[in-house]
> 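Let me begin by handing over the structure; questions about it come next.
Naming convention: chains lettered A, B, ... in sequence-line order (proteins, then strands); numbering from 1 in each chain. Just so you know, these numbers come straight off a predicted model, no measurement behind them.
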Amino acid sequence: MRAWVETGQAVGRGADRLKTMADPQQVLRDRVRGAIVASFGSGLADADPLIRSSAFADFQANAALPLAKRLGRAPRDIAAELIAALDVADISSEPSVSGPGFINFTLRDDWIAGQAAGLLRDDRLGIVPAEHPQTVVAEYSSPNIAKEMHVGHLRSTIVGDAIARALEAVGHHVVRDNHVGDWGTQFGMLIEHLLDVGENSAEAALLRTDPNAFYQAARRAFDSEPAFAARSRERVVKLQGGDPATLRLWTQLMGMSREYLRRTYATLRVTLTDDDVRGESFYNDMLPGVVADLEAKGLAVISDGALCVFPPGFTGRDGRPLPVIVRKSDRGYNYSSTDLATVRYRVDKLNCDRAIYVVGSDQALHLAMIFAVSREAGWIPPGIVFEHDQIGMVLGTDGTRLRTREGEAVPLSSLLSEGIERARGILDELGASSEADPGELDAIAEDVGIGAIKYADLSTARDSAYVFDWDRMITFRGNTGPYLQYATARIRSIFRKAGLDERGVSPATAVTAAAERALALKLLAFGAAVSQVAETAEPHRLCGYLFDVASLFTTFYEECPVLRAEPASLREARLALCALTLRVLTAGLGLLGVPVPERM
RNA sequence: GCGCCCGUAGCUCAGCCGGACAGAGCAGCUGCCUUCUAAGCAGCCGGUCGGGGGUUCGAAUCCCUCCGGGCGCGCCA
């Protein structure tokens, strides 16, 4: 971080690698911290300057209040002393004390303009690389093979992908990990069904297009034909025993299912590839070692015939200790065994510093226990973070789990096509961009429909349940994907009208009008918003930020004519602001994985 | 029964590592298109932040408790 300067000016020889630290809150934080140390000594270097946005100024520092307690002095006096020690003349008008001891800052217009100009020259748009780059394993999506993804998987997929992108943007090494369900008892059934219908049959091809139909057919046979069920169970034994013929069929099943996954992820604009798939089967031959280690460490005991670990602090229904069953009484392994092996693999082989599980909140207890056992076993050394980033349930408008009218989970494919159809309907109805030909309109409808669905998943806190509502999702008002897309389309339209390339604007920003100033100031915080997502794994914070940007832009758009602006310097400045806004919005939406059509 | 999460405007949700005013969108009501896409903008209306205690100079934010809801709780994943 040392090579980074606040002013956006180049340091020494590195002029070609200009770096900025434009975020006003960070700049003020550093300055106020400096004043605290200068006034009260380095013993208070740990004191948080508490920079917050303010209703009475651009920002306020609340540091004086807690300092008053530590120093045993009046807060307003502390604030006054801090102001005396503060060196902010270059960025702010004279700070003032108000209320019980708040220090108010009103940033200088020329500073804001200068910082914005710096951002425009910065390829990273103010995103600051993490001081200590980490290897982060991000587990997300993780659907069951040969079963259609449902909206819960959809949300994990979308949110997890955004988190992964944000982590990479700040310089972490991200290992995407699609922990698919590709092993276990259901595969006996699926393999037998594949044999029955024929490997090259039309029914088998369903695996590529509509895996749920294939699964349901197998399920029906399993439930209604005892002979089929018996064969299926035998097949599971062969599968787990490594029978070559069975493994060949399993591999084929997997291949076809992956085609389905690939297509789904492509439609969703999700970055997961085949290389990211490390399903449950991947850990199969590590399971005996996992169990042996737990036994060797004296953590595993037999209880009711099953091998169990009882991590402290977990109790069940009757107040009895709750087990993590690592080997069933039939000596088979289960998902706990697999998840434990996964922990070890991520630490030992992937060398992760942090592992995030973007997984449904209903697995909270399970994962907490897996982490507890892993720590007990010493598999997760201190300093390595394993976290469950919970995904809340998706509800229908009636407030219950989202289902079809028939009571089944809504298939993902129909969900996506409905979104695209609805988007197309609205585009037609409203008379979308007359410049676009029908083919482009199709592409726009897809971007808008998919973008709306994804943004809806991203914009609300990931761990809270949310109501899936088409009408609120695909609308062009409020904190929605289409609203943000529309803002970018309007900006591009300006440049098209002017016959200019937005990448070619001169970074001659200036802020005079209130709308210009508010927009420019907000744009400076882009990097901070991205860093926050990487730290908290909460993409909805970036959504909120981008919505603010888009809202401030539309206000600017209404109040400040760009192309008609006089004199030329004002026009230049506004074009620069437009270009910067466009870059921030497209970069931000890019990090969210929300597609951005050129026009709408 | 135990554990975890949640309860903020009529609706859907932000804010919650305590700090001056509780915000947004929708819905309702007013205005604004010879002017860069009105898919928009400006404004009004609307809240005992589930109830009650506590800690604090200060609580939507932290603690306790009660009420209401969700999820989970031994061999499915």
Side-chain angles (χ1 to χ4, degrees), chain A residues 48 50 52 54-56 60 62 65-66 68-69 75 98-102 104 142 144 181 183-186 280 303-308 310 313-330 332-336 338-339 360-366 368-369 390 392-393 395 397 399-401 426-427 429-435 448 459-461 463-467 469 471-472 475-480 482-483 485-487 489-498 540-541 543-544 547-548 551 554-555 557-565 574 578 599-600:
Chain A
D48 190 336
L50 294 171
R52 300 283 128 97
S54 172
F56 304 97
Q60 61 186 51
N62 300 340
L65 282 73
K69 183 152 288 178
S98 73
F102 305 117
N104 290 345
S142 309
N144 289 314
W183 204 244
T185 45
Q186 62 184 355
E280 292 167 346
S303 171
D304 291 345
L307 190 65
C308 303
F310 293 90
F314 295 91
T315 51
R317 248 181 246 291
D318 306 318
R320 293 167 53 196
L322 207 54
V324 172
I325 295 174
V326 297
R327 198 181 60 209
K328 298 186 288 181
S329 53
D330 65 2
Y333 298 108
N334 64 3
Y335 75 131
S336 288
T338 305
D339 277 339
S361 55
D362 55 354
Q363 307 236 16
L365 179 61
H366 166 68
M369 293 182 77
Q390 303 190 18
M393 250 198 316
L395 308 174
T397 39
T400 64
R401 256 185 231 260
I426 295 173
L427 290 172
E429 187 186 321
L430 296 172
S433 180
S434 51
E435 309 160 64
V448 172
S459 58
T460 156
D463 55 345
S464 60
Y466 97 97
V467 176
D469 183 345
D471 293 331
R472 210 170 23 251
T475 176
F476 304 80
R477 324 175 84 171
N479 191 6
T480 65
Y483 177 80
Q485 291 169 326
Y486 181 53
R490 290 172 114 181
I491 298 173
R492 286 197 157 108
S493 175
I494 291 175
F495 284 103
R496 262 199 308 278
K497 277 252 156 46
H540 80 281
R541 296 184 182 278
C543 294
F547 175 59
D548 286 346
S551 301
T554 42
T555 299
Y557 184 86
E558 296 286 331
E559 294 180 5
C560 304
V562 177
L563 299 180
R564 289 180 283 109
R574 289 184 175 169
C578 286
R599 54 183 162 216
M600 294 172 70

> Just how far, in rounded Å, is C1' of A77(B) from CE of M369(A)?
16 Å
> For nucleotides G47(B) and C21(B), find the distance between their C1' atoms and express it as a whole number of Å.
14 Å
> When rounded to the nearest 0.5 angstrom, what is the spacing between CG in L307(A) and OG in S336(A)?
11.5 Å
> Which nucleotide in the set A39(B), C41(B), C36(B) lies at the smallest distance from any side-chain heavy atom of Y486(A)?
A39(B)
> To the nearest Å, give me how far apart NZ (K69(A)) and C1' (U56(B)) are.
6 Å
> Find the distance between NZ (K328(A)) and OH (Y333(A)) and round it off to the nearest 0.5 Å.
11.5 Å
> Where the side chain of Y557(A) is concerned, which of U37(B), C75(B), G25(B) is the nearest nucleotide?
U37(B)
> For atom P, what is the distance between C66(B) and C26(B), given to the nearest Å?
41 Å
> Select one nucleotide: of A77(B), A20(B), G40(B), the one nearest the side-chain heavy atoms of R477(A).
G40(B)
> When you compare C49(B) with A22(B), how far apart are their P atoms, in angstrom units rounded to a whole number?
11 Å
> Tell me if a side-chain donor or acceptor on T480(A) pairs with a main-chain N or O of T475(A) at a distance below 3.5 Å.
yes
> S329(A) side chain N/O closer than 4.0 Å to the phosphate oxygens (OP1, OP2) of C75(B)?
no
> I need the OH-P distance between Y483(A) and C26(B), as an integer number of Å.
10 Å
> What is the distance, rounded to the nearest whole Å, between atom CE of M393(A) and atom C1' of G70(B)?
6 Å
> Closer than 3.5 angstrom, by distance alone: can the side chain of N334(A) be matched with the main-chain N or O of I325(A) as a donor-acceptor pair?
yes
> Just to confirm, is there a sub-4.0 Å distance from OP1 or OP2 of A38(B) to any side-chain nitrogen or oxygen of R490(A)?
yes
> Side chain of S303(A) only, heavy atoms from C-beta on: which candidate in A77(B), G74(B), C36(B) is closest?
G74(B)
> Return the nearest nucleotide to the side chain of M600(A); candidates are G40(B), A39(B), U35(B).
A39(B)
> When the C1' atoms of U8(B) and C32(B) are considered, how many whole Å apart are they?
33 Å
> Dump the intermediate steps for side chain to side chain contact (heavy atoms under 4.5 Å, CB included) on Y483(A) and S551(A), then the final yes or no.
CA-CA 9 Å; Y483(A) 177 80; S551(A) 301; 3.8 Å; yes
> What about D548(A), does its side chain sit under 3.5 Å from the base of A24(B) through a donor-acceptor pair?
no
> Nearest of G74(B), G25(B), C41(B) to any side-chain atom of F547(A)?
G25(B)
> Are OP1 or OP2 of G72(B) and a side-chain N or O of S361(A) less than 4.0 angstrom apart?
no
> Is the side chain of D48(A) donor-acceptor paired with the backbone N or O of L50(A) at a distance under 3.5 Å, no angle test?
yes
> How long is the straight-line distance from CE of M600(A) back to OG of S493(A), given to the nearest 0.5 Å?
12.5 Å
> Check whether R599(A) reaches the backbone of R492(A) with its side chain - one donor and one acceptor, N or O, closer than 3.5 Å.
no
> Roughly how far apart, to the nearest Å, are G25(B) and U61(B) at atom C1'?
23 Å
> For the OH atom of Y486(A) and the OG1 atom of T554(A), what is their distance to the nearest 0.5 Å?
9.5 Å
> Donor-acceptor pair, D318(A) side chain versus R320(A) backbone, under 3.5 Å?
no
> Return the nearest nucleotide to the side chain of D304(A); candidates are G25(B), C75(B), C21(B).
C75(B)
> Roughly how far, to the nearest 0.5 Å, is the NE2 atom of H366(A) from the OH atom of Y335(A)?
4.5 Å
> Could you state the CZ-P distance from R496(A) to U37(B), rounded to the nearest angstrom?
8 Å
> For L563(A) and for E559(A), find the nucleotide of RNA chain B with the closest heavy atom, then tell me which residue's nucleotide is more 5'.
L563(A)
> Dot-bracket for RNA chain B, 5' to 3', counting Watson-Crick or G-U wobble pairs under 3.5 Å, with [ ] for crossing pairs and | for inter-strand pairs?
(((((((..((((.....[...)))).(((((.......))))).....(((((..]....))))))))))))....
> Rounding to an integer number of angstrom, what distance separates C13(B) and G18(B) when you compare their P atoms?
27 Å
> Just how far, in rounded Å, is P of G40(B) from CD1 of I494(A)?
17 Å
> To the side chain of T555(A), which of A77(B), C41(B), U37(B) is closest?
C41(B)
> OP1, OP2 of C76(B) versus side-chain N and O of K328(A): anything below 4.0 Å?
yes
> Is the closest side-chain donor-acceptor distance between S459(A) and N479(A) under 3.5 Å?
no
> Considering only nitrogen or oxygen atoms on both sides, find all protein atoms under 3.5 Å from nucleotides 11-14 of chain B and state each distance.
residue, atom, partner, partner atom, Å
U12(B), O2', R472(A), NE, 3.4
U12(B), O2', R472(A), NH2, 3.2
C13(B), OP1, V467(A), N, 3.3
C13(B), O3', T460(A), OG1, 3.4
A14(B), OP1, T460(A), OG1, 3.2
A14(B), OP1, A461(A), N, 3.1
A14(B), OP1, S464(A), OG, 2.8

> In whole Å, measure the gap between the C1' atoms of G68(B) and G52(B) for me.
15 Å
> F476(A) has a side chain; which of C41(B), A39(B), G74(B) sits nearest to it?
A39(B)
> Does C33(B) sit syn or anti, given that only angles within 90° of 0 count as syn?
syn
> Would the base of A20(B) count as contacting Q60(A) through its side chain, where contact means a donor and an acceptor less than 3.5 Å apart?
yes
> Nearest to the side chain of I325(A), heavy atoms from C-beta on, is which of G40(B), G74(B), U37(B)?
G74(B)
> Starting at atom CZ of R52(A), determine the distance to atom P of G18(B), rounded to an integer number of angstrom.
7 Å
> In whole angstrom, what separates R599(A)'s CZ from C36(B)'s P?
17 Å
> Between G478(A) and G319(A), which residue's closest nucleotide on RNA chain B lies nearer the 5′ terminus?
G319(A)
